Amino acid sequence: MVASVDSLIDLLSVRGAGIDQYLGSTPDIGMPRVFGGQAAAQGLMAAASTVAERLVPYSVQSHFFSAGLIGPPIEFHVERLRDSGSFSDRRVIAEQQGRRLLSVQASFHAPESGPEHQLTVEAVDGPSQGAAEMRPFPQEWPDFYRGWSSLDIDWYPDVKPGSATGEGALARLWARTSKPVEGPQALHSAIAICVADLTLLSNAFVPHGIKPHRDMMAFTLDHCLWFHRPFRVDQWLRFDQVSPSASEGRAFCTGRLFDERGNFVASATQVGLVRGWSGQPDQPR
């Protein structure tokens, strides 16, 4: 369980273990393996520890190779690819007991002035408009989802444009941390990675009436976020998500995050392996 905001921040934190070397913890939070969003967020925090404070992350691209074990720490090795006046780029390799788990490519930029625009955003009601009662994750989903009481969730599962199966394929949720988060934009971005990874791949199951992590095995192959504008995770974020396509045992999902004022703050994509459930922890092979 990730019951409090403090425990969420601790989960994503890394500690120094040498020059450009960091360690991340892997406590039991109710999954048979390390949660991918957690490992990717730790990778971002490791990268952010090596760049100037004035730089903020604008791109985090994670590629997963192997499932992590609960208990042993993850070692994050940071490679400095670029440091210029306005940009820094880092490649992070995550390993555990000699096994490579994932790589994270994180890019940072010093905000500056320039032209601004965004596509028109559909206005929708949400918790900030005075909804009487928030809707948590669906009861038929695994208990792991309800263990994230560090997050306030309002789930809108009924927004469903058609798909080739005749069923819908879009979901929307509102999310924020249950208490204020003090920290740099990199920390808010790391928590957003976790929020995105909680539900994005699950959208591939919706058109087929499949329950996430029960009827099918799912393993993230690639998970990427682009951050467009500053935001806070302790204020409501709207996450519109859809699976445009699934085939060949892989599912492709995309998402857009907006703040309470309708500002388009981030884009997310995820590609995952989906196959019949084997009863074993999720692991590609």
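Worth knowing before you read on, the calculation uses all heavy atoms, side chains too, and leaves out hydrogens, waters and symmetry mates. All residue numbers in this chain count up from 1 along the given sequence. Since the model is a prediction, treat every value here as computed from it, not as a measurement.
Side-chain atoms of Ser243 do not come within 3.5 Å of backbone N or O of Cys253 as any donor-acceptor pair. Counting only distance, with no hydrogens or angles, the side chain of Asn203 and the backbone of Leu200 share a donor-acceptor pair below 3.5 Å. Judged by distance alone, with hydrogens and angles left aside, the side-chain atoms of Arg90 form a donor-acceptor pair with the main-chain N or O of Arg82 at under 3.5 Å. Side-chain N or O atoms of Arg15 include none that pairs as donor or acceptor with a backbone N or O of Ser25 at under 3.5 Å. Between the side chain of Ser66 and the backbone N or O of Leu101 there is no donor-acceptor pair closer than 3.5 Å. Checked by atom type and distance alone, the side chain of Asp28 pairs as donor or acceptor with a backbone atom of Gly30 at under 3.5 Å.
When all heavy atoms of Phe239 and Gly255 are compared, the pair lying nearest together is CE1-CA, 3.6 Å. Heavy-atom minimum distance, Ala175 versus Ile153: CB-CD1, 3.6 Å. The heavy-atom pair separating Pro57 from Leu44 by the smallest distance is CB-CD1, 4.0 Å. When all heavy atoms of Ala190 and Met45 are compared, the closest pair comes out as CB-SD, 3.8 Å. Between Cys194 and Ala41, the closest heavy-atom pair is SG-CB, 4.4 Å. Of all non-hydrogen atoms in Val5 and Pro180, the two that sit nearest each other are CG1-O, 4.1 Å.
Placement of Val56 and Leu12 in two distinct hydrophobic clusters is found when ILVMFWY residues are connected by side-chain heavy-atom separations under 4.5 Å, directly or transitively. The cluster map of Ile, Leu, Val, Met, Phe, Trp and Tyr, joined by side-chain heavy atoms under 4.5 Å apart, puts Val233 and Ile29 in the same cluster. In this structure, Phe258 is not a member of the same hydrophobic cluster as Phe231, with clusters built from ILVMFWY side-chain heavy atoms closer than 4.5 Å. In the hydrophobic cluster analysis, where Ile, Leu, Val, Met, Phe, Trp and Tyr join through side-chain heavy atoms closer than 4.5 angstrom, Leu221 is grouped apart from Ile93. By the criterion of side-chain heavy atoms lying less than 4.5 angstrom apart, applied directly or through intervening Ile, Leu, Val, Met, Phe, Trp or Tyr residues, Val78 is grouped together with Ile74 in one hydrophobic cluster.
Annotation: salt bridge (Lys or Arg N to Asp or Glu O under 4.0 Å) contacts of Arg229 (sequence neighbours excluded): none. Scanning for salt bridge (Lys or Arg N to Asp or Glu O under 4.0 Å) contacts around Arg91 gives Glu79, with sequence neighbours left out.
Side chains of Arg256 and Ser267: no donor on one and acceptor on the other come within 3.5 Å. No hydrogens or angles considered: nothing links the side chains of Thr254 and Gln241 as a donor-acceptor pair under 3.5 Å. Residues Thr199 and Ser202 have side chains that never bring a donor and an acceptor to within less than 3.5 angstrom of each other.
By the 30° and 60° cut-offs, the orientation of the rings of His109 relative to Phe87 is parallel.
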Please step through ring-ring contact (aromatic ring centres under 6.0 Å, His included) for the pair Trp148 and Phe35, ending with a clear verdict. CA-CA 12 Å; Trp148 290 76; Phe35 174 49; 5.6 Å; yes
For Glu122 and Arg172: C-alpha separation, side-chain torsions, deciding distance, then whether salt bridge (Lys or Arg N to Asp or Glu O under 4.0 Å) applies. CA-CA 12 Å; Glu122 175 191 7; Arg172 172 179 293 138; 3.6 Å; yes
Could you go through the side-chain contact (heavy atoms from CB on, under 4.5 Å) check for Val124 and Trp174 one step at a time? CA-CA 11 Å; Val124 299; Trp174 292 82; 4.1 Å; yes
What verdict does the side-chain contact (heavy atoms from CB on, under 4.5 Å) test give for Asp197 and Gln270, after you've listed the backbone C-alpha separation in whole Å, the side-chain angles of each residue and the deciding distance to 0.1 Å? CA-CA 8 Å; Asp197 196 45; Gln270 192 165 10; 2.7 Å; yes
Walk me through it: do Thr177 and Leu151 pass the test side-chain contact (heavy atoms from CB on, under 4.5 Å)? CA-CA 4 Å; Thr177 56; Leu151 301 174; 4.1 Å; yes
Using atom types as modelled, flag every donor-acceptor pair under 3.5 Å from a side chain in residues 58-65 to any protein atom, sequence neighbours excluded.
from  : atom 1 : to     : atom 2 : distance (Å)
Ser59 : OG     : Gln61  : NE2    : 3.2
His63 : ND1    : Asp222 : OD1    : 2.5

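Residues Asp152 and Lys179 are not paired through a salt bridge, judged by the lack of any N-O separation under 4.0 Å between the basic side chain and the carboxylate. In summary, Asp234 and Arg176 do not engage in a salt bridge, as defined by a charged side-chain N under 4.0 Å from a carboxylate O.
Rounded to the nearest 0.5 Å, atoms CG (Asp240) and CZ (Phe264) are 9.5 Å apart. Between the OG atom in Ser245 and the CZ atom in Arg250 there is a gap of 9.5 Å [rounded to 0.5 Å]. Note: Arg54 CZ to Ser88 OG = 8.0 Å, rounded to the nearest 0.5 Å. Atom CZ of residue Phe219 and atom CZ of residue Arg33 lie 6.5 Å apart, to the nearest 0.5 angstrom. Taking CG from Leu201 and CZ from Phe252, the interatomic distance works out to 11.5 Å, rounded to the nearest 0.5 Å. Rounding to the nearest 0.5 Å gives a distance of 12.0 Å between CZ of Phe227 and NE2 of His188.
Considering only heavy atoms from C-beta on, Phe76 stays 4.5 Å or farther from Val104 through its side chain. Contact check for Gln21 versus His77: side-chain heavy atoms found under the 4.5 Å cut-off. Here the side chains of Phe108 and Asp83 are not in contact, with every heavy-atom distance at 4.5 Å or above. Put simply, the side chain of Val92 does not reach to within 4.5 Å of the side chain of Gln42, judged on heavy atoms. Between Val34 and Leu69 there is no side-chain heavy-atom pair separated by less than 4.5 Å. Taking 4.5 Å as the limit, every side-chain heavy atom of Ser189 sits out of range of all side-chain heavy atoms of Leu225. Annotation: side chain of Gln96 is in contact with side chain of Thr26 (closest heavy-atom distance under 4.5 Å). For the pair Pro73/Gln97, no side-chain contact is recorded, criterion being any heavy-atom separation below 4.5 Å from C-beta on.
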